[in-house]
Amino acid sequence: MGRQVIAGTNKIRKVALITGGTRGIGLGIAQALARESWDLVLCGMRSPEAVADAIKNLRASGGEVVYVTADVANGQARSKLIETARAKFGRLNLLVNNAGVGPKVRADILDATEKSFEEVLRTNLRGPYFLTQSVARWMVEQHSADAAYSGSIVNISSISAEVASTNRGEYCISKAGVAMATKLWAARLGEFGIPVYEVRPGIIKTDMTAGVTAKYDQLLSAGITVQPRWGTPEDVGQAVAALARGNFPYSSGSVFMVDGGLAVPRL
């Protein structure tokens, strides 16, 4: 099992598990952490061959990067993910619940189907909730074994946790659930010194928003955000890196907005 040391120091590199970490927001987070000397365990639905370039680029930062093809909605896949991290590194300091899906069809809530609701909630809410449960147990175990251990959990939600979109209700509900899950896990893990945070992105340029680029271009031009531009995965990555670094040690359960001021009430 690896115990990589940061070059020029005697510090053991910390390990992060990022779901959906090879594209979009997840890749932006992985890049930010790789630059700060984290070893990474990433998962996604694509084959190892399909993510080879992304993994190679992340390894260029000098750290270990492990990729597991895993669907977070599947319990056996989640177990495989944890087992891989244990076998490779024997430790875990950060979980980033980032993997998520939108509805395959953006349907009015008067017409939306139970099948779509179940698909979105299974990946966006049930999966990360029970992955967090497994990781939290491991983090508590590490805390009990080593008083110097530091661990944290970051949930990537969305502005949709509070801003209603009636053509993708299942997505909004899933992210509102993630917001409550953050509070629940923060309350449960506080006694172990394990903070849990929610990062809430706004309009971020990713594969998920590619199909509605024209819509959001128009909204941005009309001033929907205080800062008149698209957000980037790098914007979210920098926020997560700050949390992982321990820059907010007394803020467990808090929501960190990365939305260009979209949620700022204005007249």
Side-chain angles (χ1 to χ4, degrees), residues 6-7 9 11 13-44 51 53-65 92-100 128 132 150-163 175 178-179 182 186 194-210 216 220 224-264:
I6 299 172
T9 76
K11 295 181 180 178
R13 296 173 67 102
K14 291 185 176 181
V15 180
L17 167 55
I18 308 169
T19 64
T22 61
R23 69 198 313 174
I25 287 175
L27 180 57
I29 295 167
Q31 290 168 335
L33 293 177
R35 288 194 296 269
E36 299 200 7
S37 300
W38 285 73
D39 288 331
L40 305 174
V41 180
L42 310 178
C43 79
V51 302
D53 287 345
I55 300 300
K56 179 181 178 181
N57 291 335
L58 289 168
R59 285 176 176 155
S61 295
E64 290 280 350
V65 183
L92 187 68
N93 304 95
L94 172 67
L95 168 64
V96 181
N97 284 307
N98 165 74
T132 298
S150 91
S152 60
I153 297 169
V154 177
N155 289 327
I156 307 300
S157 68
S158 167
I159 194 70
S160 295
E162 64 177 22
V163 177
K175 293 304 184 178
V178 168
T182 302
I194 301 169
V196 184
Y197 308 106
E198 178 191 348
V199 171
R200 193 174 288 181
I203 301 172
I204 309 296
K205 189 170 278 295
T206 66
D207 293 349
M208 188 178 287
T209 54
Y216 286 126
L220 288 163
I224 192 172
T225 56
V226 172
Q227 294 173 271
R229 68 167 175 88
W230 282 83
T232 67
E234 174 65 16
D235 290 322
V236 184
Q238 289 188 44
V240 174
L243 294 169
R245 205 181 298 131
N247 287 5
F248 298 91
Y250 198 56
S251 300
S252 188
S254 294
V255 179
F256 290 81
M257 307 297 292
V258 187
D259 69 343
L262 188 154
V264 174

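These numbers come from a predicted model, not from an experiment. For the single chain, residues carry numbers from 1 onward in sequence order.
Atom NZ of K175 is separated from atom CD of E198 by 9.0 Å, given to the nearest 0.5 angstrom. Annotation: the span from I29 atom CD1 to E234 atom CD amounts to 10.5 Å, rounded to 0.5 Å. To the nearest 0.5 Å, atoms OG1 (T132) and CD1 (I153) are separated by 5.5 Å. Annotation: the span from L95 atom CG to T19 atom OG1 amounts to 7.0 Å, rounded to 0.5 Å. Between the CZ atom of R13 and the OG atom of S37 there is a distance of 5.0 Å, given to the nearest 0.5 Å. Rounded to the nearest 0.5 angstrom, I25 CD1 and D207 CG are separated by 10.5 Å.
Between A241 and E36, the closest heavy-atom pair is CB-OE2, 3.9 Å. Taking every heavy atom of both residues into account, P195 and G151 meet most closely at CD-O, 3.2 Å. Taking every heavy atom of both residues into account, M208 and G100 meet most closely at CE-O, 3.6 Å. Nearest heavy atom pair, residue L40 against residue A34, reads CD1-CB, 4.2 Å. Minimum heavy-atom separation, G20 to A99: N-CB, 3.8 Å. The shortest non-hydrogen separation linking I159 to A263 is CD1-CB, 3.9 Å.
For the side chain to side chain contact (heavy atoms under 4.5 Å, CB included) with N98, the lone residue among I156, V154, L27, V199 that qualifies is I156.
Proximity of T22 to L58: side-chain heavy atoms (C-beta onward) are nowhere separated by under 4.5 Å. In this structure, the side chains of W38 and N93 come closer than 4.5 Å at one or more pairs of heavy atoms.
Checking side-chain atoms of S152 against main-chain N and O of L94 turns up no donor-acceptor pair under 3.5 Å. With T209 contributing its side chain and I204 its backbone, the two residues share a donor-acceptor pair below 3.5 Å. Not one N or O on the side chain of D39 forms a donor-acceptor pair closer than 3.5 Å with the backbone of G63. Of the possible donor and acceptor atoms, one in the side chain of T232 sits under 3.5 Å from a partner among the backbone N and O of D235. Between the S252 side chain and the V196 main chain, a donor and an acceptor come within less than 3.5 Å of each other. Here the side chain of N155 pairs no donor or acceptor atom with the backbone of N97 at under 3.5 angstrom. No donor-acceptor distance shorter than 3.5 angstrom exists from the side chain of T206 to the backbone of G24, with no hydrogens or angles considered.
In this structure, D53 places its CG atom where only 12 or fewer heavy-atom neighbours from other residues, nucleotides or ligands lie under 6.0 Å away.
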Quiz item: Could you walk me through whether D259 and T225 pass the side-chain contact (heavy atoms from CB on, under 4.5 Å) check?
Solution: CA-CA 8 Å; D259 69 343; T225 56; over 6 Å; no
Next on the checklist: For a side-chain contact (heavy atoms from CB on, under 4.5 Å) check, start with the C-alpha distance between V240 and I18, then their side-chain angles and the critical distance, and finish with the verdict.
Outcome noted: CA-CA 11 Å; V240 174; I18 308 169; over 6 Å; no
Let's go through Y197 and T182 carefully: what are the C-alpha distance in whole Å and the side-chain angles of both, what is the deciding distance for side-chain contact (heavy atoms from CB on, under 4.5 Å) to 0.1 Å, and is it a yes or a no? CA-CA 6 Å; Y197 308 106; T182 302; 5.5 Å; no
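Under the 4.0 Å criterion applied to side-chain N and carboxylate O atoms, R200 and E162 are assigned as salt-bridge partners.
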